[in-house]
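Treat the numbers as computed from the prediction; the structure is a model and nothing was measured. So that the names make sense, note that chain A is the first sequence line, chain B the second, and so on, each numbered from 1.
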Amino acid sequence: MRLTEEYYLQSAKVLAKDLLGKVLCVRNNKEIMKLRITETECYFSESDTACHAHKGKTERTKILYKKGGRAYVYLCYGMYNLFNVVTGEEDLPQAVLIRGVEGYDGPGKLAKAMGIDRRFNDADLTTSEDIWIEDWGEKKPKFKRDKRVGIGYASEKDQERLWRYIVIE
DNA sequence: AGATTGATAAGG
DNA sequence: CTTATCAATCTT
């Protein structure tokens, strides 16, 4: 069953954990790929110096300020698309970065494998025919927490936050 | 450890 | 316009 707008309106801190084990679905050339989410990270509000929105609203980050349920796809290092789920209420920027799915470990690799690129930016996950997330009602997987990755520019305090969630095999 | 790669944001 | 920077990955 596809996740609803109501689900996406929850906090990124909640959803980063809850999205583990959910199924990311992408349609490409009439083929639909469905893969379980195995690793996520939470990015929360302008006060989180690791979050793209921490300097305020810009052309790139304005998507983060929208209501939960949108896709935020960002081209990193000129080569890799990173896929995020925008969550929470409007005007409170927050998102969950999907860092890994079953079989593809790493945010750049999963986006490449599933054909996710910036064309999916701002897609509505509750209505799009090309990208959405499903819940199969399975038992929640066990997971562990860890520090976030690749945010050396953030404040020391924010680097220490355990906002990365990884499914235990 | 180093190369790669181009959009983005900030500054002149 | 110019420049520094980057939620990464692959190869050495």
Side-chain angles (χ1 to χ4, degrees), chain A residues 3 8 10-24 26 28 33 35-89 91-125 131-133 143-169:
Chain A
L3 298 180
Y8 290 115
Q10 298 174 85
S11 162
K13 295 178 187 175
V14 174
L15 292 187
K17 285 177 283 212
D18 205 76
L19 282 168
L20 296 172
K22 298 277 187 288
V23 182
L24 176 60
V26 178
N28 248 343
M33 283 187 78
L35 293 171
R36 285 176 61 237
I37 296 168
T38 57
E39 186 175 341
T40 62
E41 275 179 16
C42 164
Y43 287 87
F44 187 80
S45 88
E46 292 180 354
S47 58
D48 173 12
T49 57
C51 181
H52 281 167
H54 83 272
K55 287 177 183 167
K57 192 185 282 193
T58 68
E59 187 59 30
R60 179 177 63 162
T61 62
K62 64 183 182 188
I63 312 264
L64 296 171
Y65 290 77
K66 294 196 181 189
K67 228 194 284 188
R70 297 294 185 125
Y72 171 53
V73 183
Y74 157 67
L75 185 67
C76 186
Y77 301 112
M79 312 177 193
Y80 301 106
N81 294 291
L82 272 57
F83 171 66
N84 302 248
V85 179
V86 178
T87 71
E89 302 290 337
D91 289 326
L92 180 61
Q94 45 177 308
V96 177
L97 167 66
I98 307 301
R99 288 195 60 86
V101 295
E102 207 159 42
Y104 300 100
D105 183 21
K109 284 191 278 194
L110 84 85
K112 187 182 172 192
M114 299 186 79
I116 298 171
D117 59 30
R118 285 175 303 107
R119 289 172 308 157
F120 288 87
N121 197 31
D122 204 25
D124 187 334
L125 298 173
I131 185 163
W132 68 94
I133 301 174
F143 63 90
K144 61 181 178 181
R145 316 173 59 157
D146 208 341
K147 292 185 204 172
R148 292 181 286 180
V149 180
I151 53 166
Y153 55 89
S155 75
E156 200 171 317
K157 196 180 79 184
D158 283 329
Q159 290 191 48
E160 293 297 316
R161 295 184 194 282
L162 298 176
W163 281 357
R164 176 178 173 217
Y165 301 92
I166 309 153
V167 171
I168 300 167
E169 304 299 329

Without swapping roles, check the side chain of [X] against the backbone of [Y] for a donor-acceptor pair under 3.5 Å.
X       : Y      : result
D158(A) : T49(A) : yes
T58(A)  : T61(A) : yes
R148(A) : C42(A) : yes
Y72(A)  : F83(A) : no

For DNA chain C, what residues of [range] have any heavy atom nearer than 4.0 Å?
range                       : value
residues 106-113 of chain A : G106(A), P107(A), G108(A), K109(A)
residues 145-159 of chain A : G150(A), I151(A), Y153(A)
residues 95-105 of chain A  : L97(A), R99(A)

Test of understanding: with side chain to side chain donor-acceptor pair (under 3.5 Å), list the residues that count as partners of E156(A), not counting sequence neighbours.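 Scan of E156(A) (side chain to side chain donor-acceptor pair (under 3.5 Å), adjacent residues dropped) gives none.
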Base, sugar-phosphate, or nothing: which does F83(A) touch, judged by heavy atoms less than 4.0 Å apart? nothing
Spatial distance of atom CG (L97(A)) from atom CG (L19(A)) [nearest 0.5 Å]: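 Nearest 0.5 Å value for the CG-CG distance: 11.0 Å.
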Each base of DNA chain B marked ( ) or [ ] if paired in-strand (Watson-Crick or G-U under 3.5 Å), | if paired to another strand and . if unpaired gives ||||.||||||.
Please list, chain by chain and in numerical order, all residues satisfying salt bridge (charged side-chain N to carboxylate O under 4.0 Å, His left out) with D124(A), sequence neighbours excluded. none
For D122(A), check salt bridge (charged side-chain N to carboxylate O under 4.0 Å, His left out) against everything at least two apart and list the hits.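 In terms of salt bridge (charged side-chain N to carboxylate O under 4.0 Å, His left out), with neighbours along the sequence ignored, D122(A) is linked to K66(A), R70(A).
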If the condition is ring-ring contact (aromatic ring centres under 6.0 Å, His included), which residues does F143(A) pass it with, not counting sequence neighbours?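 Result, ring-ring contact (aromatic ring centres under 6.0 Å, His included) vs F143(A): Y165(A).
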What heavy-atom pair brings V26(A) and M114(A) nearest, and what distance separates the two atoms? CG1-O, 3.4 Å
Flag side-chain contact, heavy atom, 4.5 Å: [X] against [Y]:
X       : Y       : result
I63(A)  : V86(A)  : yes
S11(A)  : T87(A)  : no
K144(A) : D146(A) : no
T40(A)  : V85(A)  : no

Given Y65(A), which partner from the list K57(A), E46(A), Q94(A) fulfils the side-chain hydrogen bond (donor to acceptor under 3.5 Å, both in side chains) test?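 Only match with Y65(A) under side-chain hydrogen bond (donor to acceptor under 3.5 Å, both in side chains): E46(A).
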For L82(A) and dT8(B), give me the distance from atom CG to atom C1', rounded to whole Å. 15 Å
Atom-to-atom span, OH of Y72(A) to P of dA7(B) - whole angstrom: 15 Å
Hey, can you tell me if Y153(A) and H54(A) have their rings parallel, tilted or perpendicular (30° and 60° cut-offs)?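 Judged by the thresholds at 30° and 60°, the geometry between Y153(A) and H54(A) is parallel.
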Listed once per pair and sorted, the salt bridge (charged side-chain N to carboxylate O under 4.0 Å, His left out) pairs that draw on residues 109-118 of chain A, sequence neighbours left out: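 Residue pairs with at least one partner in residues 109-118 of chain A: D117(A)-R119(A).
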Only distances under 3.5 Å count here; give the side-chain donor-acceptor pairs of residues 98-106 of chain A to other protein atoms, sequence neighbours excluded, each with its distance to 0.1 Å.
residue : atom : partner : partner atom : Å
R99(A)  : NE   : E39(A)  : OE2          : 3.1
R99(A)  : NH1  : E41(A)  : OE2          : 3.4
E102(A) : OE2  : R36(A)  : NH1          : 2.8

In B/S/- notation (B base, S sugar-phosphate only, - none; protein heavy atoms under 4.0 Å), nucleotides 1-6 of chain B written 5' to 3' is ---BBB
Using a cutoff of under 3.5 Å, can you pull out all pairs of nitrogen or oxygen atoms linking the protein to nucleotides 9-12 of chain B, with atom names and distances?
residue : atom : partner : partner atom : Å
dA9(B)  : OP1  : T58(A)  : OG1          : 2.5
dA9(B)  : OP1  : R60(A)  : N            : 3.3

